[in-house]
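Notes to accompany the following structure.
Scope of the values below: all heavy atoms of this structure, side chains included, with no hydrogens, waters or symmetry mates.
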Amino acid sequence: MKLSLSILNCNLAKLNEELEPIYEDLDYIHMDVMDGNFVPNISFGQDLIKSLRPYTSLPFDTHLMINNPMQYIESFVKAGSNYVTFHYEAVDNPDEVIDYIHSLNAKAGISIKPNTSVEVLKPYLAKLDLILIMSVEPGFGGQKFMDSSIAKLKYLAELRPHYNYLISVDGGINDKTIGLVAPYTDLVVSGSYISKAEDKKKNIEVIHKA
């Protein structure tokens, strides 16, 4: 299991300064992009990703919580995103979006909200590089983990021998919930548990030990 740090609750004014001591402890950087429409919050865009890109070779895992993702995907890839994850609920034709991401030589991910059945993703599993299960309602950091996400992760883990996607989970991941998702997850996204910790390395170690 690998660890992706969500920077949503980091100090964006001193982002590299805050991340530099822990780059070596991370596997991915998770970028939560919000437009204030698809979710009730606004975060950051391509310029922040571009500004951080020169400081680390870690893969950037960009989660687009936005409407009309096709309009912006290329700009996020050009900014330095290695993975681009869009929401099933935000598009009419997921196949088209997946193919477009691949045409830009990026990895394609898809995410679903907590109230969306994981079974809707089955037609796309063969083409996906990453599936992100939201264990909170997307839009804000620091929310409580939803147990309903565990069954979705287990479902994907059972099907995965026939496919090549990474199973990822995001929301409320901390020392108490990591053990619930670790058996079924390849890439866990953690945010405030690490970014708001007095000892970030200690909390990262807890995640890795799981």
inquiry  = In the structure I gave you, are the side-chain heavy atoms of Glu74 and Tyr100 within less than 4.5 Å of one another anywhere?
reply    = yes

query = Do Thr85 and Lys107 come within less than 4.5 Å of each other through their side chains, counting heavy atoms only?
reply = no

Short side-chain donor-acceptor distance under 3.5 Å, Ser81 and Thr62 = yes

key: Interatomic spacing from CG in Leu159 to CG in Leu121 - rounded to 0.5 Å   = 10.5 Å

query = Pick one: which of Asp99, Asn105, Val97 meets side chain to side chain contact (heavy atoms under 4.5 Å, CB included) with Ile101?
reply = Val97

task = Please report the shortest heavy-atom distance between Arg160 and Leu166, naming the atom on each side.
result = NH1-CA, 4.5 Å

key: Short side-chain to backbone donor-acceptor contact, Lys152 and Thr116, under 3.5 Å   = yes

Side-chain donor or acceptor of Ser168 paired with backbone N/O of Ile131 under 3.5 Å = no

Which atom of Asp35 lies closest to which atom of Phe38, heavy atoms considered = OD1-N, 2.8 Å

request  = For residues Met134 and Val136, determine if any side-chain heavy atom of one lies less than 4.5 Å from a side-chain heavy atom of the other.
outcome  = yes

message = Treating Thr185 as the side-chain partner and Val181 as the backbone partner, does any N or O pair qualify as donor plus acceptor under 3.5 Å?
response = yes

Non-hydrogen atoms of Pro69 and Ala90 that approach each other most closely = CD-O, 4.1 Å

query = So how far is it from Ser190 OG to Ile204 CD1, rounded to the nearest 0.5 Å?
reply = 8.5 Å

Donor-acceptor under 3.5 Å (Asp186 side chain, Ile167 main chain) = yes

ask   = Is there a donor-acceptor pair under 3.5 Å between the side chain of Thr177 and the backbone N or O of Gly172?
value = yes

task = Verify, without hydrogens or angle tests, whether Asn93 (side chain) and Glu96 (backbone) share a donor-acceptor contact under 3.5 angstrom.
result = yes

ask   = Given Tyr55 and Tyr23, is the ring-ring contact (aromatic ring centres under 6.0 Å, His included) satisfied, shown in steps?
value = CA-CA 10 Å; Tyr55 295 102; Tyr23 280 138; 8.1 Å; no

request  = Nearest 0.5 Å please: distance from the CD1 atom of Ile110 over to the OH atom of Tyr124.
outcome  = 7.0 Å

remark   = Smallest heavy-atom separation, Leu58 atom then Tyr28 atom, equals CD2-N, 4.4 Å

request  = Evaluate whether atom CG of Asn164 has more than 12 neighbouring non-hydrogen atoms of other residues, nucleotides or ligands under 6.0 angstrom away.
outcome  = no

query = Any chance the side chains of His63 and Asp61 put a donor and an acceptor closer than 3.5 Å?
reply = no

key: Lys154 NZ: over 12 foreign heavy atoms closer than 6.0 Å   = no

request  = Check whether any side-chain heavy atom of Val120 sits under 4.5 Å from a side-chain heavy atom of Tyr88, and report yes or no.
outcome  = yes

message = Determine whether Lys200 and Asp25 satisfy the following criterion, salt bridge (Lys or Arg N to Asp or Glu O under 4.0 Å), listing intermediate values before the conclusion.
response = CA-CA 10 Å; Lys200 293 180 175 60; Asp25 304 304; over 6 Å; no

query = What do the steps show when you test His30 against Tyr83 for side chain to side chain contact (heavy atoms under 4.5 Å, CB included), and what is the final call?
reply = CA-CA 9 Å; His30 188 84; Tyr83 286 75; over 6 Å; no

ask   = Is the backbone N or O of Asn11 less than 3.5 Å from a side-chain atom of Glu18, with the two atoms forming a donor-acceptor pair by type?
value = yes

ask   = Would a distance-only check, ignoring hydrogens and angles, find a side-chain to backbone donor-acceptor pair under 3.5 Å from Lys201 to Pro21?
value = yes

key: Heavy-atom pair with the smallest gap, counting every atom of Leu3 and Asp27   = N-OD2, 2.8 Å

query = For Val189, does its backbone N or O pair with a side-chain atom of Ser6 as donor and acceptor, under 3.5 Å?
reply = no

ask   = Taking it one step at a time, do Asp95 and Lys127 satisfy salt bridge (Lys or Arg N to Asp or Glu O under 4.0 Å)?
value = CA-CA 8 Å; Asp95 269 320; Lys127 299 171 72 172; 3.1 Å; yes

request  = Could you tell me whether the side chain of Ser111 and the main chain of Ile133 form a donor-acceptor pair under 3.5 Å?
outcome  = no

Rounded distance (nearest 0.5 Å) linking atom CG of Asn174 with atom CZ of Phe145 = 9.0 Å

inquiry  = Just to verify, which of Ile7, Val77, Asn82 counts as forming a side chain to side chain contact (heavy atoms under 4.5 Å, CB included) with Phe60?
reply    = Asn82

message = Applying ring-ring contact (aromatic ring centres under 6.0 Å, His included), can you list everything that pairs with Tyr163, at least two apart in sequence or on another chain?
response = Tyr165

key: Non-hydrogen atoms of Ala108 and Ile98 that approach each other most closely   = CB-CG2, 3.9 Å

request  = First locate atom CG of Leu153, then atom CD of Glu158, and finally report the distance between them rounded to the nearest 0.5 Å.
outcome  = 11.0 Å

ask   = Could you give the distance from CD1 (Ile194) to CG (Leu19), rounded to the nearest 0.5 Å?
value = 10.5 Å

